[in-house]
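Because the structure is a prediction, the values reported are computed rather than measured.
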Amino acid sequence: MFNNKFEFKKEFTRRIEEKYGRSLENSHITERYLVLGEMVRQYSSLNWKESKEKIRKLEAKQMYYFSMEFLLGRLLTNNLMNLGIYDVVKNGLSELGIDINELEDVESDPGLGNGGLGRLAACFMDSIATMSYAGHGNTIRYEYGLFKQKIEDGYQKEMPDDWLRLGNIWEVKKPKYAVRVPFWGEIEITSDENGTILYKHINAEYVRAVPYDMPIIGKDTNMTNMLRLWSSEPDDNIPANRDIRVYLAELKEITQNVYPDDSTEHGKYLRLKQQYFFVSAGLQSIVRNHLEQYGTLENFNEKVVIQLNDTHPVLGIPELMRILMDEHGYEWDRAWEIVSNTFAYTNHTILSEALEKWPEEYIKRLLPRIYMIVEEINRRYKIEVYKKTGDKDFAERTSCIKYGYIHMANLAIISSFSVNGVAQLHTDILKDSVFKDFYDMFPEKFNSKTNGVTHRRWLVYSNPELNELLQKYIGDSYIYHPSDLSNLMEYVDNEELQREFLEVKAKRKKILADFIEQETGIVVPEDSIYDTLAKRLHAYKRQLLKCFHIIYLMNKIKKDPNFTMQHQTFIFAAKAAQSYDFAKNVIKLINTLSEIVESDERLQQYIKVVFIPNYRVTVAEVLMNATDVSEQISTAGKEASGTGNMKFMMNGAITIGTLDGANVEIDELVGSDNDIIFGMKVEYIQKLSYDGYDAVEVIKNNKDLKEIVESLVDGSLHPNKNEFKIIYDELMYKNDEYFVLGDFDAYCRAQEEVQRKYANKNEWAKSALINIAKSGYFSSDRTIANYVDDIWHIDKVF
Ligand code: NBG
């Protein structure tokens, strides 16, 4: 392929000429990008081949991460860095007169997911490969990503995220591994000559699932894993009476969009189809691969472990039962033994709206055989539990079919050998309340795995300035051993380092400021506290609380002629789900505040408000490392973990947050001098929820707050008094479900603490450095090590 810059240049030029029939000088930037991508992918193919051979030779156990989302972000830089050829390529290109950054910018950022859950899957893939474990991803090849967010007149507008416009340079289509996935139809029950009962799926409509494989390249290792994305295509046979155009349209829909609108019946069926489609295809291919190597499924769970990323892939459980029994002649008991030792389930949220349940009827119609198996799992479960406890109520309560619905989390817990939460506090809540019954029954299944993020993407590659500074003091071992970041503790009092750190931060702030100006036209001062809240827009994440603090400041600035503060820039980035009106209303509010500030000189002396549109991995990469203050202000108990909090911390931002999710662990590690914790705690909130919380009462007793809430509807923020009515109603008539008002005062005091702390530059820099030093714990390398030790039990391949 190429071993040095000279060979690279020659090869690159030759390929451009061969592929496009033109000279390098006349080639288009997209042609250059595509050729480079192809070269890098092929470069990694040798490792891919070697990894597969080694896995086979060692008979290594493999982990498969089943997830409906993988928010990969762009891969060119990451892959070049991980392969150790970034500089060769960069310099080679530069000598050919090409700026590598321009090619990097051609790559689209595949939004194959929604938020933390999808990004976590991507971080895990990086750590697993880098640590030389065999661990692959299994997902859907969505034709369009989530959506591109545009802001028009302050409102969110959704545009298609056409990420495949230039093709995907990393994938290889493998039609020979296609499998068939059945929907609809009926089950015909017969028996053979020995009396064995046979289940035959008749009148089914088949969809062809075709895999596209992407290499997952580890850092400085030969290990290359696979992310398999399934795409739907027409089957060779379709039912005789089926209208072919309808068949094609419905089939195409399966892999068209991330999160199709599931407010309609059609949408719900579609979502269910997506779930079954990718788990069935994934399992069929894993089983085939296993049989090819071992010739038996007897040792399946010794060689395969499947991690279910939330409940979306839980249909994999009955599907594997089906494959073992209907296709390979297994009896129930033995099949169950294999299945219940193969799957492990991760819960990512306790919000009841997100704990999936499906009308029984839907599964019965769409997946008749799967329905029968779920029913049987449930029947046996209830008998077993009743035998064990003698408690009928308990058995009913925890069963997976209740009141006409199939409860996916219950099915997952009953059928998996491991159930984990994603931060200590979250796991405690699962054990103590949400899944208490199950915990009482199967305490051994429950465990906690605090999330992590790949510090290579989020620090080493996206913040080269900080990386360089860290290496100057502590060397580069932390790239592979993130806990070595703690070596920085020795230097946190060093004033020279503190100064250098602030310089690095200033450079990153400049980069962000330029980006903001380019995206929004807003000019933000560099000498300002960059205070960022970037995550999905949701009531529990409380973007609204931050808005209220901003309005509070605006009111103070206007009223008090002696007002003064260090300039602070409030940055938001968030997408709202398409049908979530409240969230969209908050986006409009943020943009309205931004406009008010932009048109008022006096306000601008002290604050700026910025909404960065179309939040995605690429934006996070310039946003997090330029931030001074990391906003993690969810209602305590609601944020399972958070992972943005970790990315900010790693880049030396100081957390202002509630004791929620992984914030609790951040606080334990850095200590209360180095973060700013405020607000009601989980226990108090739980008590309040029962004991009476009266939003109207809270406002009555707080003049500032009253003024703020009223400004939503009295025309002072927007001439249309109904503009923020949805927000107003949520607070006043739905009793402020997420305690925005209840935490308002505490949040304002915490923000005063930000101001006080920032005034002392050395103190600030020291705290930031302590945050960086302690952030090794939040590398996904640590998380993966925990999963390997406690759940997966897989061995290193290299
Ligand atoms: C999210 C939680 C986050 C958590 C990520 C990753 C879902 C359903 N859950 O708090 O809200 O960090 O999962 O575990 O997206």
Measuring from atom CG of D581 to atom CD1 of I726, what distance do you get when rounded to the nearest 0.5 angstrom? 5.0 Å

Within 6.0 Å of CD in E496, more than 12 heavy atoms from elsewhere: yes

Scan the side chains in residues 614-622 for donor-acceptor partners under 3.5 Å anywhere in the protein, sequence neighbours excluded, and list what turns up.
| residue | atom | partner | partner atom | Å |
| --- | --- | --- | --- | --- |
| N614 | OD1 | Q149 | N | 3.1 |
| N614 | OD1 | K575 | NZ | 3.2 |
| R616 | NH1 | N614 | O | 2.8 |
| T618 | OG1 | D109 | OD2 | 2.4 |
| E621 | OE2 | R457 | NH1 | 2.6 |

Is E503 salt-bridged to K507, going by a charged N under 4.0 Å from an acidic O? no

Is there a side-chain contact between Y33 and L166, using heavy atoms and a 4.5 Å cut-off? yes

Reference residue Q632; test side chain to side chain donor-acceptor pair (under 3.5 Å); the match among K541, K535, E639: K535

Any Lys/Arg nitrogen of K558 or D600 sitting under 4.0 Å from an Asp/Glu carboxylate oxygen of the other? no

Would you check if the side chain of S462 reaches a backbone N or O of W458 as a donor-acceptor pair within less than 3.5 Å? yes

Kindly indicate whether the side chain of K608, heavy atoms from C-beta on, has any atom under 4.5 Å from the side chain of I571. no

Can you see whether N78 engages Y86 through a side-chain donor-acceptor pair at a distance of less than 3.5 angstrom? no

With side-chain contact (heavy atoms from CB on, under 4.5 Å) as the criterion, how do L112 and E69 come out once you've worked through the C-alpha distance, each side chain's angles and the decisive distance to 0.1 Å? CA-CA 6 Å; L112 309 185; E69 304 184 20; over 6 Å; no

Hey, does the side chain of N663 reach the backbone of T658 with a donor-acceptor pair shorter than 3.5 angstrom? yes

side-chain hydrogen bond (donor to acceptor under 3.5 Å, both in side chains) between H481 and S483, worked out: CA-CA 5 Å; H481 308 288; S483 59; over 6 Å; no

Could D162 and R165 be called an ion pair, given the rule that one side-chain N must be under 4.0 Å from one carboxylate O? yes

With K584, which residues qualify under salt bridge (Lys or Arg N to Asp or Glu O under 4.0 Å), at least two apart? E158

Aromatic ring pairing H718/F724, orientation class (parallel under 30°, perpendicular over 60°, tilted between): perpendicular

Do R32 and E102 meet the salt-bridge criterion of a basic N to acidic O distance under 4.0 Å? no

Only one of V523, V609, V597 forms a side chain to side chain contact (heavy atoms under 4.5 Å, CB included) with Q604, so which one is it? V597

Looking at F572, does the NZ or CZ of K546 lie under 6.0 angstrom from its six-membered ring centre and within 45 degrees of the ring axis? yes

Do E631 and Q543 pair up side chain to side chain, a donor and an acceptor below 3.5 Å, judged on atom types alone? no

Using side-chain hydrogen bond (donor to acceptor under 3.5 Å, both in side chains), reason through S477 and D484 one step at a time and then give a plain yes or no. CA-CA 7 Å; S477 67; D484 286 357; 2.6 Å; yes

N-O pairing of E763 and R756 below 4.0 Å: yes

Test side-chain hydrogen bond (donor to acceptor under 3.5 Å, both in side chains) on S486 and K774; report intermediate values, then the result. CA-CA 6 Å; S486 64; K774 301 285 182 183; over 6 Å; no

Evaluate the criterion side-chain hydrogen bond (donor to acceptor under 3.5 Å, both in side chains) for residue pair N585 and E723; output intermediate values, then yes/no. CA-CA 8 Å; N585 207 207; E723 190 64 55; 4.8 Å; no

Is it true that K509 and D527 have a side-chain N and a carboxylate O under 4.0 angstrom from each other? no

Measure up the Y478 and H455 rings against each other and bin them: parallel (under 30°), tilted (30 to 60°), perpendicular (over 60°). tilted

Are any non-hydrogen side-chain atoms of N771 and I654 less than 4.5 angstrom apart? yes

When you measure from the centre of the six-membered ring of Y155, is the NZ or CZ of K588 closer than 6.0 Å and no more than 45° off the axis? yes

Would you call the rings of Y747 and F678 parallel, tilted or perpendicular if under 30° counts as parallel and over 60° as perpendicular? tilted

Spell out, as yes or no, whether a donor-acceptor pair under 3.5 Å connects the side chain of T520 to the backbone of I516. yes

With heavy-atom distances below 4.5 Å as the criterion, would you say the side chains of V504 and N463 are in contact? yes

Verify whether one side chain among Q471 and N467 offers a donor that lies under 3.5 Å from an acceptor in the other. yes

Looking at R74 and D105, is any side-chain nitrogen of the basic one under 4.0 Å from a carboxylate oxygen of the acidic one? yes

Sequence neighbours excluded - salt bridge (charged side-chain N to carboxylate O under 4.0 Å, His left out) pairs with any residue from residues 113-130: D126-R456

Decide ring-ring contact (aromatic ring centres under 6.0 Å, His included) for F744 and H549; before the verdict, give the C-alpha distance in whole Å, the side-chain angles of both, and the deciding distance to 0.1 Å. CA-CA 8 Å; F744 172 77; H549 172 246; 7.8 Å; no

Answer yes or no: is there a side-chain heavy-atom contact under 4.5 Å between V492 and L497? no

pair N91-I100: side-chain heavy atoms closer than 4.5 Å: no

Looking at side-chain heavy atoms only, is the closest gap between I656 and I677 below 4.5 Å? no

Min side-chain heavy-atom separation Y777-L485 under 4.5 Å: no

